[in-house]
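First up is the structure itself, then whatever we jot down about it.
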Amino acid sequence: MEPGNSNDPRQPGAGHARALEALIDFYVGSGADAWIDMDPVDAFALSARPAPRAVSAAAPSAGQAAPHGTTADPGRGGHAIPGSVPLPSEPARPAGPQEPTHHAVMPDDEAVAAARELASNAPTLDALREAVAAFNGCNLKMSAKSFVFAQGRPGARVMFMGGAPRREDDREGLPFVGPAGRLFDRMLGAVGLSRDAVCVTNLVPWRPPGDRKASPQEVEICKPFALRQIELVAPAVLVFLGGDPANALTGHPDGILRLRGKWLDVPLAGRTMKALATFHPDHLLRNPEQKRYAWRDLLALQAALAQSASD
């Protein structure tokens with residue numbers, strides 16, 4: 001039988017190949033790009049453990065067995081592999097979400113408090129961009145390829161906010177690119193707007209692995225950055241693209257099917273801002289029959305802009 005014959009049971013079909021490609025892409029998106037051990041390690045469980053006591057014995061010499069539960073690494077002076085008890089010569093890692101780290105941390109109140117402080121102290125959008133890019137309190141930063149921040153300028157009359165970057169956004173480092181971005185540009189043009197005239201951003205600046213929804217803890221950590229962006233841009237009209245930013249910033253628990261077309265209250269520092277909820281372009285690509293509802297929302301946006309210009 002010739003190689004590649006589709007009738008050969010030993011040859012994987014196209015469906016198997018696509019499934020394998022999707023699985024590998026998910027692993028790479030999750031940060032699993034290297035083989036480090038025979039057994040999986042739960043980094044979240046390790047970071048939650050109390051700091052272990054240092055071992056008083058010296059590192060095993062050549063020909064001497066390592067203590068049970070550890071594996072000596074000759075290339076690192078006898079240090080144990082990740083997950084084992086550190087030797088006295090290995091300095092302890094500084095704690096806290098603001099310290100540079102290459103391991104997972106548990107999202108907690110400390111990370112949320114650090115995010116709030118960074119956001120409140122940023123006087124400009126550029127300063128906020130630099131502060132968020134250096135922030136290490138959100139684990140999504142470890143798996144994302146790019147940091148995707150707001151695109152636009154302070155003073156833009158309209159600000160659009162999605163939930164989190166998608167695969168194409170993560171690859172380009174820009175919000176709303178790829179097929180969803182092209183549809184978004186056409187939606188803007190339908191009501192006389194363009195990318196140059198608006199500000200676009202996301203609730204979460206890093207892509208969750210596999211384009212999953214950001215967890216409640218990840219949203220809580222990133223929410224101060226999103227609110228500060230709104231304050232610094234100070235748009236006349238805010239538009240939520242999808243239910244995630246609407247739920248996070250207004251407290252409404254309903255999904256986007258119930259929220260779309262409604263004007264919601266967003267509490268900011270010292271004032272309340274109105275925001276219109278509508279469908280994300282990704283949702284419209286999957287559900288083209290709902291574009292007519294998005295068109296109604298765009299007309300409501302156009303009317304709100306006209307009203308704000310006349311006030």
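Val148 and Leu241 are members of different hydrophobic clusters when ILVMFWY side chains are connected at heavy-atom separations under 4.5 Å. Val200 and Val177 are assigned to two separate hydrophobic clusters, defined by single-linkage of ILVMFWY side chains at heavy-atom distances under 4.5 Å. The cluster map of Ile, Leu, Val, Met, Phe, Trp and Tyr, joined by side-chain heavy atoms under 4.5 Å apart, puts Leu203 and Val112 in the same cluster. Leu174 and Leu125 are members of different hydrophobic clusters when ILVMFWY side chains are connected at heavy-atom separations under 4.5 Å.
Salt-bridge check for Arg167 with Asp211: failed, with every basic side-chain N at 4.0 Å or more from each acidic carboxylate O. Ion pairing between Glu168 and Arg207 fails under the 4.0 Å rule for side-chain N and carboxylate O.
Between Met273 and Pro235 the shortest side-chain heavy-atom distance falls below 4.5 Å. The closest side-chain heavy-atom distance from Val239 to Met159 is not below 4.5 Å. A heavy-atom distance below 4.5 Å is not found between the side chains of Val219 and Asp244. Side-chain contact between Asn202 and Phe149 is absent, with no heavy-atom pair separated by less than 4.5 Å. The closest side-chain heavy-atom distance from Trp295 to Val191 is below 4.5 Å. At a threshold of 4.5 Å between non-hydrogen side-chain atoms, the residues Pro205 and Pro165 do not count as touching. The shortest side-chain heavy-atom distance between Thr250 and Phe240 falls under the 4.5 Å cut-off.
Side-chain N or O atoms of Asp170 include none that pairs as donor or acceptor with a backbone N or O of Ala144 at under 3.5 Å. In this structure a side-chain-to-backbone donor-acceptor pair under 3.5 Å is present from Asn136 to Ala134. Between the Arg271 side chain and the Ala269 main chain, no donor and acceptor come within less than 3.5 Å of each other. Of the possible polar contacts, none joining the Asp282 side chain to the Ala180 backbone as a donor-acceptor pair under 3.5 Å is found. Under a 3.5 Å cut-off, the side chain of Asn247 and the backbone N or O of Asp254 do form a donor-acceptor pair. At distances below 3.5 Å, not a single donor-acceptor pair connects side-chain atoms of Glu130 with backbone N or O atoms of Ala127. No donor-acceptor pair under 3.5 Å is formed between the side chain of Asp265 and the backbone N or O of Lys274. Judged by distance alone, the side chain of Lys141 and the main-chain N or O of Phe135 form a donor-acceptor pair under 3.5 Å.
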**Study point:** Pair Leu305-Leu193, side-chain contact (heavy atoms from CB on, under 4.5 Å): steps then yes or no
**Key:** CA-CA 11 Å; Leu305 288 174; Leu193 298 173; 4.2 Å; yes
Exercise for review: Evaluate side-chain contact (heavy atoms from CB on, under 4.5 Å) for Gln151 paired with Arg195, printing each intermediate quantity in order.
Suggested key: CA-CA 9 Å; Gln151 184 183 39; Arg195 289 269 187 150; 3.2 Å; yes
Check your understanding: side-chain contact (heavy atoms from CB on, under 4.5 Å) between Thr124 and Leu232: does it pass, once the steps are laid out?
Key -> CA-CA 6 Å; Thr124 65; Leu232 293 172; 5.7 Å; no
Exercise for review: Check step by step if side-chain contact (heavy atoms from CB on, under 4.5 Å) holds for Leu276 and Lys262.
Suggested key: CA-CA 6 Å; Leu276 176 67; Lys262 295 182 179 179; over 6 Å; no
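Residues Ala246 and Leu264 come closest through the heavy atom pair CB-CD1, 4.1 Å. The heavy-atom pair separating Val233 from Arg153 by the smallest distance is CG1-O, 3.9 Å. The heavy-atom pair separating Glu231 from Arg228 by the smallest distance is OE1-NH1, 2.9 Å. Contact between Ser146 and Trp206 at its shortest, heavy atoms only, is O-CD1, 3.7 Å. The two residues Gly137 and Ile221 come nearest to each other via the heavy atoms O-CD1, 3.5 Å. Annotation for Ala156 and Ala197: closest pair CB-O, 3.9 Å, computed over non-hydrogen atoms.
Atom CZ of Arg212 is surrounded by more than 12 heavy atoms from other residues, nucleotides or ligands within 6.0 Å.
For an aromatic pair to be called close, the ring centres must be under 6.0 Å apart, and Phe176 with His280 satisfies this.
Relative ring orientation between Phe160 and Phe184 is described as perpendicular, the plane-to-plane angle rising above 60° on a 0-90° scale split at 30° and 60°.
A side-chain N or O of Ser308 and one of Arg157 form a donor-acceptor pair less than 3.5 Å apart.
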